[in-house]
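Inspection log for the structure reproduced underneath, given as structure tokens.
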Amino acid sequence: MPPKAHLESHLTAEELKLRYRQAQNTTESRRWHLLVLVSRNWTIKQAALVVGINYDYAKEIVQRYNREGPDSVRNRSGDRQPPPAKSLLNPEQQEELRQALQNPAPDGGDWTGPKVARWIAEKTGNAHVWPQRGWDYLKRLGADWQRRRRK
């Protein structure tokens, strides 16, 4: 029989069970469930099998709990923030585009996403700007394209 895992006494077995029942998401719930079972003298392998997680991951959860305490069980995946979107135009260029959008497009027609994208490419020196970025700027700068089309 494999040796039982040791849990540091950060929380009692009842407190572990309470945290398991109050967990707000499945990731945390599984981690607390694993710790409850290990606190009842189950092996990590047995508990991982019942909870439905990989043995190595279960071992890591127990080690992290022993090392860092109850805060280590929290699911941190939602804490990650995507990097801020990099603007294609600086504020001066955006104002210049806002002014340009007040007039007809260079070809005499209405402004469209691809036309704004070409304008941005020329101003920034980029070889290619996706039409969607042009549409984004068209919306962001509040171009009144719908009213113009109805005329």
Side-chain angles (χ1 to χ4, degrees), residues 1-102 111-147 149:
M1 184 99 168
K4 305 290 187 243
H6 168 73
L7 276 186
E8 293 292 332
S9 57
H10 298 294
L11 298 172
T12 66
E14 270 309 305
E15 290 171 324
L16 288 171
K17 186 177 176 182
L18 185 64
R19 299 250 181 138
Y20 164 53
R21 289 185 172 179
Q22 293 176 342
Q24 294 297 313
N25 65 53
T26 56
T27 301
E28 282 184 31
S29 177
R30 285 182 169 180
R31 291 174 185 172
W32 286 116
H33 191 190
L34 175 83
L35 294 172
V36 166
L37 296 176
V38 170
S39 74
R40 293 182 180 162
N41 294 324
W42 287 46
T43 65
I44 294 176
K45 193 172 194 173
Q46 292 168 329
L49 191 64
V50 168
V51 173
I53 59 177
N54 177 290
Y55 169 73
D56 290 329
Y57 178 54
K59 199 164 91 173
E60 181 183 319
I61 292 168
V62 170
Q63 289 171 343
R64 197 173 343 131
Y65 175 79
N66 285 339
R67 193 174 53 248
E68 300 172 25
D71 288 341
S72 68
V73 180
R74 192 171 69 81
N75 184 6
R76 296 183 198 110
S77 65
D79 295 349
R80 295 186 202 112
Q81 296 277 329
K86 185 180 171 209
S87 182
L88 293 172
L89 299 174
N90 63 35
E92 293 82 25
Q93 292 169 326
Q94 285 187 39
E95 187 54 39
E96 193 177 339
L97 176 58
R98 185 185 323 277
Q99 295 302 319
L101 293 174
Q102 300 302 315
W111 283 98
T112 63
K115 290 178 186 179
V116 173
R118 282 193 295 277
W119 187 95
I120 292 170
E122 288 175 16
K123 289 295 176 184
T124 60
N126 288 342
H128 182 266
V129 174
W130 290 101
Q132 180 60 41
R133 299 286 64 87
W135 173 247
D136 291 343
Y137 274 97
L138 202 55
K139 289 192 311 185
R140 183 184 309 167
L141 297 177
D144 196 6
W145 57 273
Q146 288 181 328
R147 191 170 49 196
R149 286 206 171 239

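Index from 1, following the sequence.
- When all heavy atoms are compared, the tightest approach of Ile120 to Gly134 is CD1-CA, 4.5 Å.
- Nearest heavy atom pair, residue Ala5 against residue Ile44, reads CB-CG1, 3.5 Å.
- In this structure, Thr124 and Leu88 approach most closely via the heavy-atom pair CG2-O, 3.4 Å.
- Under the 4.5 Å side-chain criterion, counting only non-hydrogen atoms from C-beta, Glu14 is in contact with Lys17.
- Side chain of Asn66 to backbone of His6: a donor-acceptor contact under 3.5 angstrom is found.
- Under 4.0 Å is where a charged nitrogen must lie from a carboxylate oxygen, and between Arg31 and Glu28 no such pair does.
- The minimum heavy-atom distance linking Thr112 with Leu138 is given by the pair C-CD2, 3.9 Å.
- Across Tyr65 and Leu7, no two heavy atoms sit closer than the pair CD2-CD2, 3.7 Å.
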Working for side-chain contact (heavy atoms from CB on, under 4.5 Å), residues Leu11 and Leu18
CA-CA 10 Å; Leu11 298 172; Leu18 185 64; over 6 Å; no

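- Between Lys123 and Glu96 there is a salt bridge, since a side-chain N of the basic residue sits under 4.0 Å from a carboxylate O of the acidic one.
- Residues Leu141 and Gln94 are in side-chain contact: their nearest non-hydrogen atoms beyond the backbone lie under 4.5 Å apart.
- Here the CD-OG distance, from Glu60 to Ser72, works out to 10.0 Å after rounding to the nearest 0.5 Å.
- Within 6.0 Å of atom CZ in Arg64, more than 12 heavy atoms from other residues, nucleotides or ligands are found, so the atom counts as buried in its surroundings.
- Ring geometry for His33 versus Tyr20: interplanar angle under 30°, hence parallel rather than tilted (30 to 60°).
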